[in-house]
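These notes are about the structure you will find just below.
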Amino acid sequence: MKENWFVPYKYRMVEKISIPSKEKRVEILKKAGYNMFQIKAEDVYIDLLTDSGTGTMSNVQWSKVIMGDESYAGSKSFLEIKDTVEDLMGIPFVLPSHQGRAAERVLNSVMIKEGQYVPGNTHFDTTKGHIELAGGRAVDLTIKESADSSTYHPFKGNIDLDRLKEFVEEHKREKISYILLTVTCNSGGGQPVSLENIEETHNIAKANGIPLFFDAARFAENAYFIKQRENKYKTWTIKEIVKKMFSLVEGFTMSSKKDAIVPMGGLIGLRDEELFKNLQTPTILNEGYLTYGGMSGMVMGALAQGLYEVTDYEYLHYRINQVKMLGEMLIEANIPVVEPIGGHAVFLDARKFYKNMPESQFPAQYLTAALYEAGGVRPIEVGSNLVGRDPDTGKNIRPKLDLCRLAIPRRTYSYEHMKYIAETIKEVYQNSDKITTGLNIDVEGTGIRHFSTNFKLVDPKKDSLL
Ligand SMILES: Cc1ncc(COP(=O)(O)O)c(C=O)c1O
């Protein structure tokens, strides 16, 4: 179908990338302790570590960079964001922050009282971290289908409404700070949440006087999936769906590095003026004055424009389809991926990929390193290394899935790149049955350990991961 090949851009600027030799890549991996964060970007051919801040801005966004208003107070560029949020989302109060996690810090420091819960659909790691830092506990109530990589469910990011009702009944309003829906659900495989599920969650929240918030980093991708997969909304425009989604929440935090397609930035959006006022001091102390909050005027102008561009149907169709194409190339080769393919990334199921490797030997971490060795492709582990240890018991948490995430930056790589990535994965998969040993932790990182933990091969005699 020619629609699948529709790209609503032409390119007039390129950036040279190259690949180190195979021998060099083996050496680089060893030196990096098989940790993707420890590899220099210039040693990476295709960088799929994240879709965060790595997208390509449009010519109109670049024009906004030049027009950026750097005034400390009352910046025109900030007012453009505020107007855009009001126009697209119908949310009147906006606070800026330098990125998503900063917005989380500001919000949670005020919202959470010691010991309170924040139920949701698989919180992102920084979100969970900030909830815990503020004395709270993140509770994952995602539907059970999310744990099975091979069953199809159109909205695997949905929260389990029965479990949510039970949780609210058991713990009552006072023990619950707010409910959080992450759209789309990054840690759950980039899976969307349906509007029906958002509406039902809203009803439970409202009936119990509990505020409902979005982690809205990929709100537009979620809206596209609603249009594609939820019959009731198939004739709605993306902007109408976005408006409806946000009409059901009290507020949101957003990493603008994803769906606003800027390299840096974050936002808090709120309906309640009193909460807005309460968050002003932590914003000023942590981020900066209320009309820049850690962002430059240049970024803010591009961010406001990015929010409009991301809600364009043609852009979203091309974006989601590119990710899907990569996924389909892998499915055709019988490679175990999380299905259906998510919005911003393809996730490989590493336990199924390496059937003969013990689960305790970090199969997903191993797979990230193997893909780098095979083709200079840099993915990220979303599994046992990332989830770390239980804060109460100190024991390693065994997650439902051990995933290797191939995040696709927005408007950055071509179809040829997708094909190269698929061929690299196929090459690694060919021999995967024969891989019986993985990685052990050499030096464990502190805090969110996946950035800094160094690994060593379980079998020290091995000189290749393939
Ligand atoms: C769902 C989600 N929430 C929050 C964040 C944190 O945002 P930032 O990286 O801008 O701090 C991310 C980042 O990847 C994310 O994916």
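Remember, it's 1-based here, ligands and their atoms both numbered in the order they're listed.
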Q. Does a side-chain N-to-carboxylate-O contact under 4.0 Å join Asp390 and Lys395?
A. no
Q: Looking only at protein heavy atoms, identify the closest one to atom 6 (C) of ligand 1 and say how far it is in Å.
A: Thr126 OG1, 3.6 Å
Q) Considering distance alone, does some N or O of Gln99 sit under 3.5 Å from an N or O of ligand 1? A) yes
Q) Should the ring pair Tyr289 and Tyr72 be called parallel, tilted or perpendicular, given that the plane angle runs from 0 to 90° and is split at 30 and 60? A) parallel
Q: Starting from atom 10 (O) of ligand 1, locate the nearest protein heavy atom and write down its residue, its atom name and how far away it is, to 0.1 Å.
A: Ser255 OG, 2.6 Å
Q) Which atoms of ligand 1 are found less than 4.0 Å from any heavy atom of Arg218? A) 1 (C), 15 (C), 16 (O)
**Q.** atom 9 (O) of ligand 1 [closest protein heavy-atom partner, distance rounded to 0.1 Å]
**A.** Arg101 NH2, 2.8 Å
Q) For atom 13 (C) of ligand 1, which protein heavy atom lies nearest, and how many Å away is it? A) Lys258 NZ, 2.5 Å
(Q) Please list, in number order, the atoms of ligand 1 under 4.0 Å from a heavy atom of Lys257. (A) 10 (O)
Q. Do the charged groups of Asp259 and Arg410 touch, with an N to O distance under 4.0 Å?
A. yes
Q) Quick one: does NZ or CZ of Lys244 land under 6.0 Å from the six-membered ring centre of Tyr233, within 45 degrees of the ring axis? A) no
Q. Between Gly100 and ligand 1, does any nitrogen or oxygen pair lie at a separation below 3.5 Å?
A. yes
Q: Mind telling me whether Tyr9 and Tyr315 have parallel, tilted or perpendicular rings, with 30° and 60° as the class edges?
A: perpendicular
(Q) Restricting to salt bridge (charged side-chain N to carboxylate O under 4.0 Å, His left out), what partner residues turn up for Asp43, sequence neighbours left out? (A) none
**Q.** For Thr182, atoms of ligand 1 separated by under 4.0 Å from a heavy atom
**A.** 1 (C)
**Q.** Those atoms of ligand 1 less than 4.0 Å from some heavy atom in Glu104
**A.** 3 (N), 4 (C)
Q: State, with a plain yes or no, whether a side-chain heavy atom of His202 is found less than 4.5 Å away from one of Val249.
A: no
Q | Distance-only N or O hit between ligand 1 and Asp215, under 3.5 Å | A | yes
Q: To the nearest 0.5 Å, tell me how far Leu133 CG sits from Ile131 CD1.
A: 11.0 Å
